[in-house]
Amino acid sequence: MAEMRTAHTADLDAATLVAVRALLDDVFDDMTDQDFEHALGGVHALVWEGAELVGHGSVIQRRLLNGGRALRTGYVEAVGVRAARRGRGYGSAMMDALERVVRGAYELGALGATDAGAAFYAARGWQLWRGPTSALTPAGVVRTEEEDDCIHVLPLAVPLDLTSELICDWRDGDPW
Ligand SMILES: CC(C)(COP(=O)(O)OP(=O)(O)OC[C@H]1O[C@@H](n2cnc3c(N)ncnc32)[C@H](O)[C@@H]1OP(=O)(O)O)[C@@H](O)C(=O)NCCC(=O)NCCS
């Protein structure tokens, strides 16, 4: 019997955070400490089968710059379901919960999709950002060409031109 719970990072105990990291290491072969850190500080969706964590995703706040605006953005991170447990609706249940947070708290949703994940998000209404992407680094705005084909957004009330430039705020590790 699976159970999905949502909780802010502040309400996850140390053992749960260890379980989240172990799950993400299992799902992604290139998970770094910085990738894990990027998933903290917001709302997590966690799927448990008994005592075993089998799914995780989170949404954290970032500022994305577009058209002269600094959009309060719910940025989805670290979405993964243990391989043997996929196809049971866990990923959808987690995204339902995270998208509810995005719609209720932010002006825009955004995420960087893996090649394998892009179709999953597209089927949920996330749209590929088609314009150039950049990051607002300490040295100024720097293009992030390698991310140009993987940033997806969930447009909300703010009108967007998906072919315009999109700039993310700065952080250590991968900017997107
Ligand atoms: C993407 C992922 C989270 C989906 O989790 P899941 O629990 O298998 O998803 P669900 O069972 O809720 O599937 C929901 C729907 O999405 C579809 N789907 C699942 N994974 C998909 C994928 N990679 N591409 C396209 N469609 C996908 C399912 O067929 C299903 O469609 P249906 O509703 O028409 O039956 C899971 O495959 C995963 O962990 N992948 C590896 C990590 C990853 O790529 N994460 C995304 C990082 S950006």
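Numbering of ligands and ligand atoms starts at 1, following listing order.
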[atom]: which protein heavy atom is closest, and how many Å away?
atom: atom 7 (O) of ligand 1; answer: Gly91 N, 2.8 Å
atom: atom 37 (O) of ligand 1; answer: Arg86 CD, 3.3 Å
atom: atom 4 (C) of ligand 1; answer: Phe120 CE1, 3.9 Å

I'd like to check [atom] in this structure: does the protein have a heavy atom lying under 4.0 Å from it?
atom: atom 28 (C) of ligand 1; answer: no
atom: atom 34 (O) of ligand 1; answer: no
atom: atom 9 (O) of ligand 1; answer: yes
atom: atom 22 (C) of ligand 1; answer: yes
atom: atom 2 (C) of ligand 1; answer: no
atom: atom 31 (O) of ligand 1; answer: no
atom: atom 39 (O) of ligand 1; answer: yes

Proximal ligand 1 atoms for [X], defined as those under 4.0 Å from one of its heavy atoms:
X: Ser92; result: 10 (P), 12 (O), 13 (O), 14 (C)
X: Ala119; result: 24 (N), 25 (C)
X: Gly112; result: 48 (S)
X: Gly87; result: 6 (P), 7 (O), 8 (O), 11 (O)
X: Ala116; result: 22 (C), 23 (N), 24 (N)
X: Gly80; result: 39 (O)
X: Gly89; result: 10 (P), 11 (O), 12 (O)
X: Tyr121; result: 46 (C), 47 (C), 48 (S)

Region of Arg88 engaging ligand 1 - heavy atom pairs below 4.0 Å: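 Answer for Arg88: backbone.
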Part of Val27 with heavy atoms under 4.0 Å of ligand 1, whether side chain, backbone, both or neither: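 It is the side chain that touches ligand 1; the backbone stays farther off.
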Is there a donor-acceptor pair under 3.5 Å between the side chain of [X] and the backbone N or O of [Y]?
X: Thr73; Y: Leu71; result: yes
X: Arg130; Y: Asp149; result: no
X: Trp126; Y: Phe120; result: no

Polar proximity ligand 1 side, Val81 side, N/O cut 3.5 Å exclusive: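 Yes.
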Residue pair His44 / Thr9, side-chain donor-acceptor N/O under 3.5 Å: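 Yes, a side-chain donor-acceptor pair sits under 3.5 Å.
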Donor on one side chain, acceptor on other, Thr133 and Thr144, under 3.5 Å: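 Result is yes, a qualifying pair exists.
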Pairs of donor and acceptor atoms involving the side chains of residues 78-85, under 3.5 Å and at least two apart or interchain, shall be tabulated with distances.
| residue | atom | partner | partner atom | Å |
| --- | --- | --- | --- | --- |
| Arg82 | NE | Glu52 | OE2 | 3.2 |
| Arg82 | NH1 | Asp26 | OD2 | 2.8 |
| Arg82 | NH2 | Leu53 | O | 3.0 |
| Arg85 | NE | Glu49 | OE1 | 2.8 |
| Arg85 | NH2 | Glu49 | OE1 | 3.1 |
| Arg85 | NH2 | Glu52 | OE1 | 2.8 |

Which atom of Leu160 lies closest to which atom of Pro155, heavy atoms considered: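 Minimum heavy-atom separation between Leu160 and Pro155: CD1-CB, 4.0 Å.
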Closest heavy-atom pair and its distance - Asp35, Asp174: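 Of all heavy-atom pairs spanning Asp35 and Asp174, the closest is OD1-OD2, 4.0 Å.
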Same apolar cluster: Leu166 and Val102, side chain cutoff 4.5 Å: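 Shared cluster, no.
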Residue pair Arg100, Thr6: steps toward the side-chain contact (heavy atoms from CB on, under 4.5 Å) verdict: CA-CA 11 Å; Arg100 190 191 71 81; Thr6 57; 5.8 Å; no
Minimum non-hydrogen distance to atom 44 (O) of ligand 1, winning option of Val79, Val76, Thr114: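 Selected option, by shortest heavy-atom distance: Thr114.
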Sub-4.5 Å side-chain heavy-atom contact between Val76 and Met95: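 Heavy-atom side-chain distance check passes, below 4.5 Å.
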Residue among Gln61, Arg63, Arg62 satisfying side-chain hydrogen bond (donor to acceptor under 3.5 Å, both in side chains) with Asp169: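 When side-chain hydrogen bond (donor to acceptor under 3.5 Å, both in side chains) is applied between Asp169 and each of Gln61, Arg63, Arg62, only Arg62 qualifies.
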Inter-residue atom distance Trp176.CH2 - Glu146.CD, 0.5 Å rounding: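 Reported to 0.5 Å precision, the distance equals 11.0 Å.
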